[in-house]
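Side chains included, hydrogens not; waters and symmetry mates left out as well; all remaining heavy atoms used.
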Amino acid sequence: MKYNRCGKSGLLLPEISLGLWHNFGSVDNFENAESIAVEAFDKGITHFDLANNYGPVPGSAETNFGKILWHNFQGNLRDEIIISTKAGYTMWDGPYGDWGSRKYLLSSLDQSLKRMKVDYVDIFYSHRPDPETPIEETMMALDYAVRSGKALYVGISNYSAEETRVAVDVLKQLGTPCLIHQAKYSMLERWVENGLLDVLEEKGVGCIAFSPLAQGLLTDKYLNGIPENSRAHNPNGHLKEDEVTAERIQKLVQLNEIAQNRNQSLAQMALAWLQKDKRITSVLIGASSVRQLNNNIDCLQSLEFSQDELNAIEKILS
């Protein structure tokens, strides 16, 4: 595992980080989740990414991760891992459990620390911009999280290029630099290329890509349509059936041919493709099993692309 410097900070993050968005909630098998986290650490993944509402039920991923920490990462091992969490989406009912107010963000952080049974997190994010709350208030809450010792660094997620520029400048004025931006980025979701990555490079902010496999679409699972046990077939999933169009499947088939010629799976190639841009600090993967985790980590065995390969991929995606 290679570790990349996060923006202009002193912090190094692994090329691959583990996200606990799925498969770590109260409805999931705890022993399986624990084995995934332990295997990830053993393979050099030191960064574990959560949010207050990850589950289901909301909060249960943090509770389960806290149990995993106490079972496996006691003593000095806490100093060898990076824990991040976020607040910004709906966590509880009523006027104080959503968006970007100081009250919500700091209350949520306190709750996250209690669920995980830790004194601090390494990175605390504003999970999304709040159109009704001044950005200064949201950034002041992040600044306070660091000054209070409850977070070592802060970041933002899902902010546009212009919102990012403002947020980074406000944090700089407050004296707490913005460490990182967590952005949705994949072969099929490329909005960050239209200005955001340029802002992050200019401001010295790292970038971690989430949903790099487009909720499983960039795997071999959908090459022949929508299987019964897929996320797209699940009415509660984040990938909808109408996103798996015939045109998109044809692109996936063509991409898979390139991947096979590289001796990679489609998923491995999609993960490697993101890392060709040195502005990407880390790629955030999920896993439903140790086997899937290791298959994704194996993308690191072939990160180089020829110009012909890049041109062919671009032609398919355009």
Side-chain angles (χ1 to χ4, degrees), residues 1-21 24 36-38 40-54 59 61-88 105-127 138-139 141-158 167-168 171 174-183 200 204-210 280-286:
M1 184 71 63
K2 178 186 172 188
Y3 298 87
N4 297 321
R5 187 163 302 281
C6 192
K8 293 181 179 178
S9 77
L11 188 67
L12 299 174
L13 293 181
E15 293 173 291
I16 298 289
S17 298
L18 181 65
L20 280 66
W21 184 11
F24 284 79
I36 292 169
V38 171
F41 183 76
D42 288 346
K43 289 296 175 65
I45 293 178
T46 53
H47 178 208
F48 299 88
D49 180 77
L50 299 107
N52 58 353
N53 61 345
Y54 287 177
E62 289 182 328
T63 299
N64 281 339
F65 186 65
K67 294 176 183 177
I68 292 169
L69 287 175
W70 282 98
H71 289 175
N72 303 278
F73 296 96
Q74 286 286 353
N76 291 337
L77 283 179
R78 171 63 183 95
D79 298 328
E80 301 301 325
I81 63 175
I82 301 295
I83 302 170
S84 61
T85 196
K86 318 175 196 72
L105 293 181
L106 296 178
S107 297
S108 178
L109 177 56
D110 284 340
Q111 293 174 23
S112 292
L113 296 179
K114 289 177 182 177
R115 281 191 289 267
M116 290 187 281
K117 294 183 171 63
V118 295
D119 296 325
Y120 69 94
V121 293
D122 297 274
I123 307 170
F124 181 52
Y125 286 92
S126 167
H127 207 166
T138 301
M139 296 306 111
L142 296 185
D143 173 66
Y144 179 80
V146 171
R147 294 185 186 277
S148 65
K150 297 175 182 179
L152 300 185
Y153 302 91
V154 294
I156 56 178
S157 181
N158 299 305
V168 170
L171 281 171
L174 292 168
T176 298
C178 182
L179 174 80
I180 193 167
H181 187 297
Q182 187 170 136
L200 298 180
V205 177
C207 184
I208 182 168
F210 78 87
I280 300 300
T281 312
S282 185
V283 175
L284 195 57
I285 65 169

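For the pair N158/Y125, no side-chain contact is recorded, criterion being any heavy-atom separation below 4.5 Å from C-beta on. Within the 4.5 Å cutoff, the side chain of S112 has no heavy atoms near those of the F124 side chain. Side-chain contact between L109 and L113 is present, with heavy atoms from C-beta onward closer than 4.5 Å. Using a 4.5 Å heavy-atom threshold, the side chains of F48 and L69 count as separate. Contact annotation: the side chain of L13 approaches that of I180 to within less than 4.5 Å [non-hydrogen atoms, C-beta and beyond]. Looking only at side-chain heavy atoms (C-beta outward), T176 and L142 stay at 4.5 Å or farther from each other. Counting only heavy atoms from C-beta outward, the side chains of L106 and K150 never approach each other to under 4.5 Å.
Within the model, atoms SG of C178 and CG of D143 stand 12.0 Å from one another, a figure rounded to the nearest 0.5 Å. If you take CE on M116 and CD1 on I68, they are separated by 12.0 Å, rounding to the nearest 0.5 Å. Note: E62 CD to T85 OG1 = 3.5 Å, rounded to the nearest 0.5 Å. Remark: T63 OG1 to R115 CZ distance equals 6.0 Å, nearest 0.5 Å. The SG atom of C6 sits 6.0 Å away from atom CD1 of I123, with the distance rounded to the nearest 0.5 Å. With rounding to the nearest 0.5 Å, the separation of CG in L11 from OH in Y153 is 4.5 Å.
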Practice prompt. Just do the side chain to side chain contact (heavy atoms under 4.5 Å, CB included) check on Y144 and L105 with the steps written out, would you?
Written response: CA-CA 10 Å; Y144 179 80; L105 293 181; over 6 Å; no
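The minimum heavy-atom distance linking D49 with Q182 is given by the pair OD1-NE2, 3.2 Å. Between C207 and L200, the shortest heavy-atom contact is CB-CD1, 3.7 Å. Heavy atoms only, all atoms of each residue included: L18 and A37 are closest at CD2-CA, 4.2 Å.
Checked by atom type, the side-chain pair N4/T281 shows no donor-acceptor distance below 3.5 Å.
With hydrogens and angles ignored, the 3.5 Å screen pairs no side-chain donor or acceptor of N52 with any backbone N or O of A87. Judged by distance alone, with hydrogens and angles left aside, the side-chain atoms of K86 form a donor-acceptor pair with the main-chain N or O of L50 at under 3.5 Å.
The aromatic rings of H127 and Y54 stand perpendicular to each other, their planes meeting at an angle above 60°, with 30° marking the opposite boundary.
Here P14 pairs with M1, Y3, S17, T46, H47 under the side-chain contact (heavy atoms from CB on, under 4.5 Å) rule; sequence neighbours left out.
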Under 3.5 Å donor-acceptor pairs involving side-chain atoms of residues 74-83, not counting sequence neighbours:
unit_1 : atom_1 : unit_2 : atom_2 : d
Q74    : NE2    : W70    : O      : 3.4
R78    : NH1    : I81    : O      : 3.2
R78    : NH1    : D122   : OD2    : 3.0
R78    : NH2    : Y120   : O      : 3.1
R78    : NH2    : D122   : OD2    : 3.0

